[in-house]
Engineer: 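Input: one structure, supplied below.
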Amino acid sequence: MMKRTLIVFLLAPFIISRAQNLDSLFNEYVKIRGLSVPGYPRVTVSGKPVKCAFDVVAEVKLNYDRFNIKQKAVIAGTLDRPAADTSFVSPSGKFRIHYYKSGNNAPKYDLNEFAKAADSSYNYEVNILGYPAPPSDNGAGGDNLYDIYIRNEGGGEYGGTTPEQMITDSTWTSFMDLDNDFGSEYYTHGIDAARVTVAHEFHHAIQIGNYIYRPTDKFYHELTSTSMEEFVFNSVNDYYNYLGEYFNNPVNSFPSHTGYDLAIWNFFLVSRFDSTSVPENVRGKNIIRRTWQLMPKERALQAIADAIQEAGSNFRSEFSTFALLTYFTNYRAVAGKYFKEAANYPLLTPLMRLSFTKPTTTLNIS
């Protein structure tokens, strides 16, 4: 009899999220912001640099009144806009960039190049992809331009987007902050790290300014923002460094991941639907935008499913195809097929192996 080995990958998209405990949220915020409170070391995500402080900062903002007096004393003022001694307007006139001229917070990369990167992010995400611009902050920061603050991020994160003034029950004005040097503790350094971070954070500003901030769907906030890094600056591939979380744990549901590792889901949708044979209004990047249009009334996974259905397919079949294509990475990558950068991705980790004996083998999986 001929025996063959069958490798089984279990992939699960669904989970019911739990609200984060206030004490653990406080502890994480203290670490991620590098606050001076004894006993709190720097935070990392799965042992990696913190790509984005958005979800932690936003949850602290929404839950501030629920913290105890001592916790509020630590947090007080840290959610406000950072100080800076000078600023300038980007060439497009869309951003005001605040920074320090000297000292520990002074930028170590070219601010002119950074301003161009901010404008490129706006142009691509708003003018090309069709997302609405973030709402006006009503003069906060000196005028109605979107404010970006460059400083030394004490907790080691790339950057963050902070909700500021509530517009509706689920939308906010915001401002952005980024690290001032992106040194050796980061995967990507200098201006390239600044480029992908501004593309990432700018989409958070779009999300919470026009659609919704929903903590239980934070994976999708991060999934989308991480995919924007590649859409806007495809030569910078910081997201490679987070893919192992997904490829090593394909059994985990989408919402149980950080989302940094799942940007490939959006790349998959683009590869499936961005074709000249498909009507413009249902191509992959428009499915992503349509998902955000549905998000205020639907949880992320349901919104994804409905957007795919509107495009003439269904979530079940698309997810199954996605699961199959994630097998063809690294040395199994096929040039010109599947994920464009698959050769640089990790290998999918099998969860079980068994011998297949012709003509049939029974497999029982719980």
Side-chain angles (χ1 to χ4, degrees), residues 3-13 44-52 158 182 184-189 192-193 195-197 199-200 219-220 222-275 284-285 287-288 304 315-356 363 365:
K3 289 189 175 181
R4 294 182 180 179
T5 299
L6 174 66
I7 303 175
V8 178
F9 300 91
L10 302 178
L11 301 102
T44 59
V45 178
S46 302
K48 302 176 185 295
V50 180
K51 193 167 186 63
C52 177
Y158 282 65
F182 296 102
S184 59
E185 69 268 38
Y186 297 92
Y187 287 123
T188 305
H189 311 297
D192 277 345
R195 287 184 174 114
V196 293
T197 302
H200 181 116
F219 86 96
Y220 194 66
E222 297 298 350
L223 185 164
T224 307
S225 281
T226 305
S227 70
M228 290 297 154
E229 300 176 19
E230 182 72 1
F231 293 152
V232 183
F233 300 106
N234 65 4
S235 63
V236 184
N237 297 301
D238 187 77
Y239 79 95
Y240 287 175
N241 299 288
Y242 297 88
L243 292 177
E245 181 192 345
Y246 178 74
F247 281 86
N248 291 331
N249 301 283
V251 69
N252 290 351
S253 64
F254 271 19
S256 67
H257 287 268
T258 62
Y260 308 151
D261 56 330
L262 289 172
I264 56 171
W265 169 254
N266 277 354
F267 305 159
F268 163 76
L269 289 180
V270 171
S271 70
R272 292 283 285 172
F273 293 96
D274 271 8
S275 166
K285 289 172 185 168
I287 289 177
I288 300 167
I304 293 169
F315 183 89
R316 182 185 296 274
S317 63
E318 295 302 330
F319 183 78
S320 295
T321 302
F322 169 77
L324 176 64
L325 299 193
T326 57
Y327 179 80
F328 295 100
T329 63
N330 208 277
Y331 67 80
R332 292 194 288 256
V334 181
K337 286 184 150 186
Y338 315 133
F339 294 103
K340 291 181 180 179
E341 299 176 0
N344 300 303
Y345 295 176
L347 287 172
L348 203 63
T349 301
L351 299 177
M352 60 184 295
R353 295 173 184 267
L354 62 111
S355 295
F356 175 72
L363 173 64
I365 299 177

Engineer: Can you tell me how far NZ of K340 sits from CG of N234, rounded to the nearest 0.5 angstrom?
Structural biologist: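 These two atoms lie 8.5 Å from each other.
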Engineer: Can you name the side chain to side chain donor-acceptor pair (under 3.5 Å) partners of Y220, sequence neighbours left out?
Structural biologist: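 Partners of Y220 under the side chain to side chain donor-acceptor pair (under 3.5 Å) test: none.
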Engineer: Compare every heavy atom of T258 with every heavy atom of E245, then report the nearest pair and how far apart it is.
Structural biologist: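 Smallest heavy-atom distance, with atoms named: OE1-OG1, 3.0 Å.
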Engineer: So, taking the atom named OG1 in T326 and the one named CG in L347, what distance separates them when rounded to the nearest 0.5 Å?
Structural biologist: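 Output value for this atom pair is 10.5 Å.
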Engineer: Work out which heavy atom in N248 is nearest to a heavy atom in P250; give both atom names and the distance.
Structural biologist: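 The pair with the smallest heavy-atom distance is C-CD, 3.5 Å.
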Engineer: For a quick test of reading the model, state the closest non-hydrogen atom pair linking E229 to A199 and the distance between them.
Structural biologist: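 Nearest pair, atom of E229 first, then A199: CA-CB, 4.2 Å.
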Engineer: Are the ring centres of Y187 and Y240 closer than 6.0 Å?
Structural biologist: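 Ring-ring flag for Y187/Y240: false, centres at least 6.0 Å apart.
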Engineer: Would you check, one step at a time, whether the test ring-ring contact (aromatic ring centres under 6.0 Å, His included) holds for F254 with F319?
Structural biologist: CA-CA 11 Å; F254 271 19; F319 183 78; 5.6 Å; yes
Engineer: Can you label the angle between the F247 ring and the Y345 ring as parallel, tilted or perpendicular, going by 30° and 60°?
Structural biologist: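 Plane angle between 30° and 60°, so tilted.
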Engineer: I want to know whether Y239 and W265 have ring centres closer than 6.0 Å.
Structural biologist: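 That pair fails the under 6.0 Å test.
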Engineer: How many angstroms lie between atom NE2 of H189 and atom CZ of F182, to the nearest 0.5 angstrom?
Structural biologist: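 The distance works out to 11.5 Å.
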Engineer: Any chance you could measure L243, atom CG, to D261, atom CG, to the nearest 0.5 Å?
Structural biologist: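 The CG atom of D261 is 7.0 Å from CG of L243, to the nearest 0.5 Å.
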Engineer: Kindly determine whether M228 and H200 satisfy side-chain contact (heavy atoms from CB on, under 4.5 Å), including the steps that lead there.
Structural biologist: CA-CA 6 Å; M228 290 297 154; H200 181 116; over 6 Å; no
Engineer: Applying ring-ring contact (aromatic ring centres under 6.0 Å, His included) between F267 and each of F322, Y338, F231, report the one that passes.
Structural biologist: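 Exactly one pass, corresponding to F231.
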Engineer: In terms of ring plane angle, is the pair Y246 and H257 parallel, tilted or perpendicular, where the classes change at 30° and 60°?
Structural biologist: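 Rings of Y246 and H257: tilted, 30 to 60°.
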Engineer: Classify the angle between the aromatic ring planes of F339 and F268 as parallel (below 30°), tilted (30 to 60°) or perpendicular (above 60°).
Structural biologist: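 If you compare the ring of F339 with that of F268, the planes turn out tilted.
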Engineer: Which residue is it: T188, D238, T197? I am looking for the one with a side chain to side chain donor-acceptor pair (under 3.5 Å) to Y158.
Structural biologist: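 Passing option: D238.
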Engineer: Could you walk me through whether S256 and F219 satisfy the side-chain contact (heavy atoms from CB on, under 4.5 Å) test, starting with their C-alpha distance in whole Å, then the side-chain angles of each, then the deciding distance to 0.1 Å, before giving a yes or no?
Structural biologist: CA-CA 7 Å; S256 67; F219 86 96; over 6 Å; no
